[in-house]
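What you see is a predicted model; the values in this text were computed from it and never measured. Ligands are counted one by one from 1 in listed order, and the atoms in each one are counted from 1 as well.
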Amino acid sequence: MPSVLLRRAVTGAVAALTALALATPAAATGGSTIGSPGLGDPYFPLAGNGGYDVRHYSLDLDYVRAGNHLDATAVITARATQHLSRFNLDLRGFTISSLRVDGAPARFTRDGQELVITPKRALRAGRTFTVRVDYAGQPTEVIDPDGSSEGWVTTEDGAFVVNEPQGSPGWYPANDNPRDKATYDFAVTVPTGITAIGNGKLVSKRDHKGKTTWRWREDSPMAPYLATVTNGVFELRVSRVGRIPLYHAVDPAEVPKGAFERLGAEAEVITFFSKLYGPYPFSSGGGVVDHAPEVGYALESQTKSQYDETPGAGTVVHEIAHQWFGNSVTLTVWQDIWLNEGFAAFSEWIYDEKHGGPTAQQSFDELYARAPTHSLWQRPPANLGGPEVMFSAPAYDRGAMTLQALRVKIGDKRFFGLLRDWYAHNRDGNVTTADFVRLAERRSGQQLDAFFQTWLYTPGKPTTW
Ligand code: ARG
Ligand code: ZN
């Protein structure tokens, strides 16, 4: 008898050793088969995950504002970019009732916003797979290092849904990094009488038993921070600019404040930037004016800019310009935020210049008159210092000044040719400041190191350039 026991013990030990040996390559190499939990963004190191590339999100969301309850299914189609024994998604809160990879139940654990998934069988590099997550609970607001809130921001009658830079995991499992763009389908079910507005085109709207399902589809690649499903009581109007449908949704509280008239200006702004920069990037457009005064900012969510109140005319121009710069041509790391905000702010200046307002040079001069001690000069646009100041004036104003100074330095013809090329070469893509510097040098035939060093990287008020 003892010998039998001994033999069993030995067999058990061998089995354990074999399991260890199988597990060792992943553990020992520290990541050749384990997708990394982040993509190393200096401002948001855990945002996004390594090892795969999302192709498509299909989000089926049933939301009831009373109790702030979301019942949802996300189906994510992705391609493994390495052999994957384990990988992560980003998701905050919620209870997950089921998680399947290619239809088979998968093990998962939670660690902060990291949802760690171990598929039954490892995924080969190059292989396309699906992850289905059934989850429910209260969607969350995410508070940024600068104190602003985003994510699922509840309003009286629904939610204002904006994610820049890290709100997406508050309402759907995402590879939350701007470099992983994907297409999106949304099916949002809300009580009948509530309107839910996703990105892209309205596919259908169906009533069933006191509820309405709104289906939207965005067919251009989109960074996770640009997804939206803002919902509440809205008046929805559809118009067109050329072949592009424009969806304008306004909270009834904002209608008397002229919100539809403000949004109505989008058609002309789209036409203007299409001529200046190249064709409008997407197959639909529009905007949403909600009543969410506690948010305090607007966001250029893809094809549907989000306004927390009736915007000023300049804000509409700014958000439309982002459809080119920010949404189609997207930053790769958040510290390059000036590539979004500086370009959108400059676009406001050039729009004014061509519409009888101050010239871009006058806008530049007004800012340049600020004393050397002014906060505008303390942080250079491409080296702001941290996420707590990523939306501060240098990203916007000094970013726009950099472009105007470049315009003067290389001349209008080359400068606007450069902006057109920047868009044409990087449409639906991701870029860095270094990419822009390289293209500017190529387009102008000038050595621009010192110029960009001064404007983008050196603290203090530029004096010569
Ligand atoms: N990109 C927005 C704009 O058009 C600003 C977003 C600010 N986001 C935030 N969490 N504070 O300028
Ligand atoms: Zn902006």
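- When each atom of ligand 1 is checked for a heavy atom of Glu150 under 4.0 Å away, the hits are 10 (N).
- In this structure, the ring-ring contact (aromatic ring centres under 6.0 Å, His included) partners of Trp216, at least two apart in sequence or on a different chain, are Tyr247.
- Using bins of under 30°, 30° to 60° and over 60° for the plane-to-plane angle, the ring pair Tyr184/Tyr57 lands in the parallel bin.
- In this structure, Asn177 contributes its side chain and Ala47 its backbone to a donor-acceptor pair below 3.5 Å.
- Within the 4.5 Å cutoff, the side chain of Gln323 has no heavy atoms near those of the Phe273 side chain.
- Neither the backbone nor the side chain of Ser149 comes within contact range of ligand 1; no heavy atom lies under 4.0 Å.
- Of the candidates Glu341, Gln306, Glu164, Glu300, Glu164 brings a heavy atom nearest to atom 8 (N) of ligand 1.
- Excluding waters, the set of protein N/O/S atoms under 2.8 Å from the Zn ion (ligand 2) reads His318 NE2, His322 NE2, Glu341 OE1.
- The nearest protein atom to atom 5 (C) of ligand 1, hydrogens excluded, is given as Tyr396 OH, 3.5 Å; this is a heavy-atom distance.
- Checked against ring-ring contact (aromatic ring centres under 6.0 Å, His included), Phe160 has no partners two or more places apart in sequence or in another chain.
- Atom numbering of ligand 1 starts at 1 in the shown order; those under 4.0 Å from a heavy atom of Asp144 are 10 (N).
- With respect to atom 11 (N) of ligand 1, the closest heavy atom belonging to the protein is Ser148 OG, 3.0 Å.
- No side-chain N or O of Gln302 forms a donor-acceptor pair with one of His322 less than 3.5 Å apart.
- Annotation for ligand 1: atoms under 4.0 Å from non-hydrogen atoms of His318 are 3 (C), 4 (O), 12 (O).
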Salt bridge (charged side-chain N to carboxylate O under 4.0 Å, His left out) between Arg217 and Asp219, intermediate numbers included | CA-CA 6 Å; Arg217 176 173 303 152; Asp219 51 18; over 6 Å; no
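- Here is the list of ligand 1 atoms found below 4.0 Å of a heavy atom in Glu319: 3 (C), 4 (O).
- Using a 4.0 Å cut-off between charged nitrogen and carboxylate oxygen, Arg407 and Glu353 count as a salt-bridge pair.
- Every residue meeting the side chain to side chain donor-acceptor pair (under 3.5 Å) condition with Asn49, not counting sequence neighbours, appears here in chain and number order: Tyr52, Asp90, Asn175.
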Side chain to side chain donor-acceptor pair (under 3.5 Å) assessment of Asp111 paired with Thr109 = CA-CA 7 Å; Asp111 180 11; Thr109 57; over 6 Å; no
